[in-house]
Visitor: 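Structure below; questions to follow.
These numbers come from a predicted model, not from an experiment.
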Amino acid sequence: MNLKQLRYFLAVAEEKQITAAAKRLFIAQPPLSYQLKQLEKELDVRLFIRTSHGIELTDAGQELRVYAEKILNLVDAAKDQVQKMAQGELGTIKIGSASSSVGELPSLKFKELTKYYPDISFDVYEDNTFGVLEKLSNGTIDLGIVRTPFKRYGIDSKTITNEKMMAVTTNEIILKQGAIDLPTLAKQPLIIYRRFEDIFNQSFSHRGLKPFYAVKCDDSRTAILWAKRGLGLALVPEKIATLYAKDNFIPVEHVNWETHLQLVWRKGVISPLVKRIIELF
């Protein structure tokens with residue numbers, strides 16, 4: 001198995017046609033087909049099946065695609081870093097952004113950064129917090145902006161924001177209260193971002209309350225959308241509520257329900273460019 005074969009494999013997987021993949025790779029079809037057969041022979045599996053709609057990946061092909069993408073991303077990252085070191089340049093910063101970090105990227109602080117590095121460019125990867133942390137761990141990105149809570153093994157961090165939890169609702173009676181406490185929340189159908197469920201459960205349990213979660217989801221913006229449709233009251237971080245819920249939210253009166261956006265990076269030696277960005281924040 002070699003890098004050329006993996007690039008050919010991904011091209012066919014994405015195009016779903018040998019002809020289209022060969023054209024994209026600027027090669028003829030026979031050598032492309034030969035390389036794919038050699039790859040299947042070495043792995044001793046079928047990677048593709050032909051259908052009326054083109055070429056589809058087998059289960060084994062789907063598994064290889066995951067690894068091939070990671071391998072080639074790492075190869076590109078290694079090539080990029082080696083070239084920068086050889087040329088004395090650090091022009092591209094790879095940064096991951098969690099969906100709940102809206103408002104922090106693009107940062108006005110980056111305008112200051114370009115004074116020191118006028119040729120800088122940004123490679124932005126968008127994912128949830130856990131996806132950003134995984135990309136940080138495997139070297140795909142240099143920095144990430146994520147939301148607490150998360151496991152901190154092998155990373156350093158700096159807090160960017162401190163945010164209260166907000167209750168989003170279209171219920172005018174509740175909104176007129178100006179704030180809401182846990183006993184009142186426990187009487188409402190709640191819409192929650194699944195990552196905060198353990199924190200919510202601990203707080204309610206400590207007060208002897210049993211909440212009803214009408215909807216659980218994996219994005220605060222989704223929770224707000226369901227709340228706007230009248231399915232319940234959404235519990236989301238302050239910045240998300242400010243950006244997406246307009247005037248339809250009030251603070252939750254509970255000191256332990258606080259979340260933070262944090263800038264994270266791998267422990268160890270960091271490049272001058274990464275260090276500069278950390279200092280800016």
Side-chain angles (χ1 to χ4, degrees), residues 1-87 91-99 121-144 146 150-155 194-195 218-219 264-271 274:
M1 188 190 306
N2 56 52
L3 297 178
K4 179 172 70 174
Q5 289 174 331
L6 292 180
R7 293 190 191 280
Y8 286 3
F9 165 76
L10 283 182
V12 175
E14 291 167 3
E15 297 292 341
K16 297 184 178 181
Q17 287 185 340
I18 293 289
T19 304
K23 187 177 296 185
R24 169 176 157 183
L25 294 166
F26 300 104
I27 62 173
Q29 291 186 46
L32 175 57
S33 297
Y34 173 77
Q35 291 293 341
L36 295 177
K37 287 179 181 178
Q38 290 297 107
L39 186 58
E40 288 183 321
K41 182 178 179 181
E42 179 176 344
L43 294 173
D44 196 25
V45 295
R46 288 189 65 189
L47 298 173
F48 301 97
I49 54 175
R50 293 186 179 275
T51 71
S52 58
H53 302 291
I55 294 178
E56 299 289 340
L57 292 177
T58 63
D59 289 343
Q62 293 284 3
E63 186 72 9
L64 179 61
R65 182 174 187 172
V66 173
Y67 283 100
E69 288 174 344
K70 289 181 179 180
I71 290 169
L72 294 176
N73 282 337
L74 284 174
V75 168
D76 290 341
K79 180 181 178 181
D80 185 50
Q81 292 301 312
V82 168
Q83 288 177 341
K84 287 176 183 177
M85 183 172 291
Q87 297 169 6
T92 301
I93 183 71
K94 297 179 177 65
I95 187 165
S97 173
S99 57
S121 62
F122 295 92
D123 209 353
V124 180
Y125 294 77
E126 297 169 306
D127 210 324
N128 58 33
T129 287
F130 303 113
V132 171
L133 291 172
E134 182 181 357
K135 287 180 174 61
L136 186 66
S137 176
N138 64 31
T140 301
I141 60 176
D142 308 303
L143 289 166
V146 296
F150 58 86
K151 294 182 179 179
R152 301 173 177 276
Y153 178 76
I155 66 171
R194 194 173 280 110
R195 287 190 53 230
D218 294 310
D219 193 301
V264 293
W265 61 94
R266 293 183 301 279
K267 287 185 176 180
V269 178
I270 56 177
S271 72
V274 170

Visitor: Does a salt bridge link Asp59 with Arg65, judged by any charged N lying under 4.0 Å from a carboxylate O?
Guide: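 No, this pair does not count.
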Visitor: Donor-acceptor check, side chain of Glu40 to backbone of Leu47, threshold 3.5 angstrom: yes or no?
Guide: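 Present.
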Visitor: Check whether Phe150 forms a cation-pi arrangement with Arg195 (NZ or CZ under 6.0 Å from the six-membered ring centre, at most 45° off the ring normal).
Guide: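 Because its charged atom misses either the 6.0 Å distance or the 45° angle limit, Arg195 does not stack over Phe150.
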Visitor: Testing the basics here: between Ala77 and Gly139, what is the closest heavy-atom pair and its distance to 0.1 Å?
Guide: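 Scanning both residues, the minimum pair turns out to be CB-O, 4.5 Å.
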Visitor: For Val274 and Leu143, run side chain to side chain contact (heavy atoms under 4.5 Å, CB included): C-alpha distance rounded to whole Å, both residues' side-chain angles, the deciding distance at 0.1 Å, then the answer.
Guide: CA-CA 7 Å; Val274 170; Leu143 289 166; 3.8 Å; yes
Visitor: Using every non-hydrogen atom in the two residues, find where Lys94 and Thr140 come nearest and quote the distance to one decimal.
Guide: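 Nearest heavy atoms, Lys94 then Thr140: CD-O, 3.1 Å.
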Visitor: Within the structure provided, determine whether Thr92 and Phe122 are in side-chain contact (heavy-atom separation under 4.5 Å).
Guide: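 No, their side chains stay 4.5 Å or more apart.
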Visitor: Could you tell me if the side chain of Ile71 sits less than 4.5 Å from the side chain of Leu3, heavy atoms only?
Guide: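 Side-chain contact under 4.5 Å: yes.
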Visitor: Are the side chain of Asp142 and the backbone N or O of Ile93 linked by a donor-acceptor pair below 3.5 Å?
Guide: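 Not at all, since once roles are kept as given, no pair shorter than 3.5 Å links the two residues.
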Visitor: Sequence neighbours excluded and cut-off under 3.5 Å, please list the side-chain donor-acceptor pairs for residues 29-36, or say none.
Guide:
residue: Gln29; atom: NE2; partner: Thr19; partner atom: OG1; Å: 3.3
residue: Ser33; atom: OG; partner: Gln29; partner atom: O; Å: 3.2
residue: Gln35; atom: OE1; partner: Gln5; partner atom: NE2; Å: 3.1

Visitor: Can you tell me how far CD of Gln38 sits from CG of Asn2, rounded to the nearest 0.5 angstrom?
Guide: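 Asn2 CG to Gln38 CD: 10.0 Å, rounded to 0.5 Å.
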Visitor: Ala98 and Thr129: which non-hydrogen atoms are nearest, and at how many Å?
Guide: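 For Ala98 and Thr129, the tightest heavy-atom pair comes out as CB-OG1, 3.7 Å.
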Visitor: Over all heavy atoms of both residues, which pair between Ala21 and Val12 is shortest? Give the atoms and the distance, please.
Guide: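 In this case the closest contact between Ala21 and Val12 is CB-CG2, 3.6 Å.
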Visitor: Could you name each residue pair satisfying salt bridge (Lys or Arg N to Asp or Glu O under 4.0 Å) that touches residues 19-38, not counting sequence neighbours?
Guide: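 Passing the test, one end in residues 19-38: Glu14-Arg24, Glu15-Arg24.
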Visitor: Give, for atom NZ of Lys135 and atom CG of Leu133, the distance between the pair rounded to the nearest 0.5 Å.
Guide: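 It comes to 10.5 Å.
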Visitor: Judged by atom type as modelled, is there a donor-acceptor pair below 3.5 Å linking the side chain of Thr58 to the main-chain atoms of Arg46?
Guide: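 At least one qualifying donor-acceptor pair exists.
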Visitor: Surrounding CZ of Arg194 (heavy atoms of other residues, nucleotides or ligands, distance under 6.0 Å), is the total greater than 12?
Guide: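 Above 12, so yes.
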Visitor: Going by side chain to side chain donor-acceptor pair (under 3.5 Å), name the residues that satisfy it together with Asn128, two or more places apart in sequence or in a different chain.
Guide: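 For Asn128 there are no side chain to side chain donor-acceptor pair (under 3.5 Å) partners, ignoring immediate neighbours.
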Visitor: So do the side chains of Ile27 and Tyr8 get within less than 4.5 Å of each other, counting heavy atoms only?
Guide: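 Yes, their side chains come closer than 4.5 Å.
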Visitor: Working to the nearest 0.5 Å, report the span between CZ of Arg7 and CG of Leu72.
Guide: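 Between atom CZ of Arg7 and atom CG of Leu72 there are 4.5 Å.
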Visitor: Where do Phe9 and Gly61 come nearest, in terms of heavy atoms and distance?
Guide: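 Looking at all heavy atoms of both residues, the shortest contact is CZ-O, 3.4 Å.
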Visitor: Does Arg266 use its side chain to pair, donor to acceptor, with the backbone of Ile141 at less than 3.5 Å?
Guide: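 Indeed, once roles are kept as given, a pair shorter than 3.5 Å links the two residues.
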